[in-house]
There are 2 protein chains.
Amino acid sequence: MREPTFLVLTALTGGPLHGYAVIEDIAGMTGGRVRLRAGTLYAALDRLRAEGLIEVDREEIVQSRLRRYYRLTGAGEQSLTAETARLRAQATIAERRLRARRIQLGGATA
Amino acid sequence: MREPTFLVLTALTGGPLHGYAVIEDIAGMTGGRVRLRAGTLYAALDRLRAEGLIEVDREEIVQSRLRRYYRLTGAGEQSLTAETARLRAQATIAERRLRARRIQLGGATA
DNA sequence: TTTTGATATGCCGACCATCGGTATATGCTG
DNA sequence: CAGCATATACCGATGGTCGGCATATCAAAA
């Protein structure tokens, strides 16, 4: 799973959001580092819906503008849980190796 | 940074390895879950070398077969350190939200 | 003996998620 | 009135990965 996809699932874990709100939530979550392009976001939503990881919660018309809310499904929650565990495991391995490396090499590398 | 790239850098953090050994190390590191294709590995090595994150350590001929060893550069170590912090931060956010969700929804979702 | 599998590097086309831009439309603000 | 935020949606380009193939040596299995 790529980073934008992971972040979309994470955003929806907090409760149903419409597309644009997902972009905003991710921007906030990452301290402004990640701001998804519209193309990326709506393509990801379509794909995740086709995969059954999210589904349409409801649709609203606010100020004559459509808002389509999405929510995480049980499968989506499971998928995100597994992915998170994987991420954490990889981070732990990398950190352990980086620590060992710094002890051995003491900070001077090419 | 994509997962295979991250894993290649992690593999080389433990010390110089030749290409095939990187594949083996990653396979072991991930409990057999990830076994990089030759195409992926050598393309990644070329790319990372062009970016200055790794460099050729030495070349050996063992049983008339070439072994080209790669090592992590200082830039590579920095890059992996930053990426690891990012991964950990994302995992933490996702875990916090998943926990909150389970408390609120109590385990029954669509 | 032949063939399969492991070792080892490298090239190639295909796939597809993401990027970047554009289109459309409304409402608020400078 | 121009620009920006909101909101969805489509499109071509990019690029990392996948999957397969080629090449070569050596050991083990059939």
Side-chain angles (χ1 to χ4, degrees), chain A residues 1-12 16-28 30 32-51 53-70 76 79-80 83 86 90, chain B residues 1-12 16-28 30 32-51 53-70 76 79-80 83 86 90:
Chain A
M1 189 185 294
R2 304 258 261 270
E3 199 195 354
T5 302
F6 177 84
L7 292 171
V8 169
L9 293 182
T10 303
L12 294 179
L17 291 177
H18 63 275
Y20 195 81
V22 170
I23 293 177
E24 295 296 289
D25 187 68
I26 290 175
T30 60
R33 189 180 57 81
V34 178
R35 187 169 187 91
L36 257 43
R37 308 284 153 177
T40 304
L41 190 266
Y42 293 104
L45 290 175
D46 287 348
R47 184 166 37 82
L48 290 171
R49 189 154 52 132
E51 288 169 8
L53 302 189
I54 66 173
E55 62 193 3
V56 174
D57 184 70
R58 66 186 189 280
E59 289 182 354
E60 282 178 4
I61 304 289
V62 177
Q63 289 173 335
S64 66
R65 254 187 253 114
L66 175 66
R67 281 186 183 174
R68 183 144 46 224
Y69 286 77
Y70 295 90
S79 184
L80 182 60
E83 190 69 10
R86 205 176 59 65
Q90 284 185 7
Chain B
M1 189 185 295
R2 306 259 263 266
E3 200 194 354
T5 301
F6 177 84
L7 292 172
V8 169
L9 292 182
T10 303
L12 294 180
L17 291 176
H18 63 276
Y20 194 82
V22 170
I23 293 178
E24 295 296 289
D25 187 69
I26 290 175
T30 60
R33 187 180 60 82
V34 178
R35 188 170 185 90
L36 257 43
R37 307 284 153 177
T40 304
L41 190 266
Y42 292 106
L45 291 175
D46 287 346
R47 184 167 37 83
L48 290 171
R49 191 155 48 134
E51 289 169 6
L53 302 190
I54 66 172
E55 61 193 3
V56 174
D57 184 69
R58 66 186 188 280
E59 290 184 352
E60 280 178 5
I61 305 288
V62 177
Q63 290 174 335
S64 67
R65 256 187 251 115
L66 175 66
R67 280 185 184 174
R68 184 144 42 225
Y69 286 78
Y70 296 89
S79 184
L80 182 60
E83 189 69 11
R86 205 175 59 66
Q90 284 184 6

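We use all heavy atoms of the structure for the numbers below, so side chains are in, but hydrogens, waters and symmetry mates are not. Throughout, a chain's letter reflects where its sequence line sits, starting with A, and its residues are numbered from 1. Only a predicted model underlies this, so the values are computations on that prediction, with no experimental measurement involved.
Here the C1' atom of nucleotide D/dC18 and the CG atom of B/Leu7 are 15 Å apart, to the nearest Å. Between the P atom of C/dT18 and the CG atom of A/Leu45 lies a distance of 11 Å, rounded to the nearest Å. Per the geometry, CG belonging to B/Leu17 stands 14 Å off P belonging to C/dT7, to the nearest Å. The OH atom of B/Tyr69 sits 12 Å away from the C1' atom of C/dT7 (whole-angstrom rounding). Whole-Å rounding puts the B/Arg35 CZ to D/dT17 C1' distance at 17 Å. Distance CD (B/Glu51) to P (D/dG15): 11 Å, rounded to an integer number of Å. With rounding to whole Å, B/Leu36 atom CG is found 16 Å from C/dA8 atom P. Here the C1' atom of nucleotide D/dT8 and the CG atom of A/Leu41 are 10 Å apart, to the nearest Å.
Using a 4.0 Å cut-off, no side-chain N or O of A/Thr5 falls inside it from OP1 or OP2 of C/dA17. Residue A/Arg2 places none of its side-chain N or O atoms closer than 4.0 Å to OP1 or OP2 of C/dA17. One finds no side-chain N or O of B/Arg47 lying less than 4.0 angstrom from the OP1 or OP2 phosphate oxygen of D/dG15.
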Could you list, one pair per line, each protein nitrogen or oxygen that sits under 3.5 Å from a nitrogen or oxygen of nucleotides 24-28 of chain D, together with the distance?
residue : atom : partner : partner atom : Å
D/dT25  : O3'  : B/Ser64 : OG           : 3.2
D/dT25  : O2   : B/Arg65 : NE           : 3.1
D/dT25  : O2   : B/Arg65 : NH2          : 2.7

Give me the distances for all protein-to-nucleotides 9-11 of chain D N/O pairs that come in under 3.5 Å?
residue : atom : partner : partner atom : Å
D/dA9   : OP1  : A/Arg68 : NH2          : 2.0
D/dA9   : OP2  : A/Arg68 : NH2          : 3.0
D/dC10  : N4   : A/Gly39 : N            : 3.4

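Looking at residues two or more places apart in sequence or on another chain, you find a side chain to side chain donor-acceptor pair (under 3.5 Å) between B/Glu24 and B/Arg35. Scored by the side chain to side chain donor-acceptor pair (under 3.5 Å) test, A/Thr30 finds no partners at all (sequence neighbours excluded). Residues satisfying the salt bridge (charged side-chain N to carboxylate O under 4.0 Å, His left out) test with B/Glu60, not counting sequence neighbours, are B/Arg58. Take A/Glu59 and apply the side chain to side chain donor-acceptor pair (under 3.5 Å) test, not counting sequence neighbours, and it matches A/Arg68. Listed by chain and residue number, A/Arg86, A/Gln90, B/Arg33 satisfy the side chain to side chain donor-acceptor pair (under 3.5 Å) test with B/Glu3 (two or more places apart in sequence, or in another chain). Among residues two or more places apart in sequence or in another chain, the salt bridge (charged side-chain N to carboxylate O under 4.0 Å, His left out) test is passed with B/Arg47 by none.
The CG atom of A/Leu66 sits 9.5 Å away from the NE2 atom of A/His18 when rounded to the nearest 0.5 Å. With values rounded to the nearest 0.5 angstrom, B/Leu9 atom CG is found 7.5 Å from B/Ile54 atom CD1.
When each of B/Val62 and A/Arg37 is assigned the nucleotide of DNA chain C bearing its nearest heavy atom, the one mapping closer to the 5' terminus is B/Val62.
Using a 4.0 Å heavy-atom distance criterion, A/Glu59 is classed as making no nucleic acid contact.
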Pairs under 3.5 angstrom only: tabulate donor-acceptor contacts from the side chains of residues 36-45 of chain A to other protein residues two or more places apart or in another chain.
none

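For A/Ala44, whose side chain is taken as the heavy atoms from C-beta onward, the closest listed nucleotide among C/dT9, C/dT18, D/dT17 is C/dT18.
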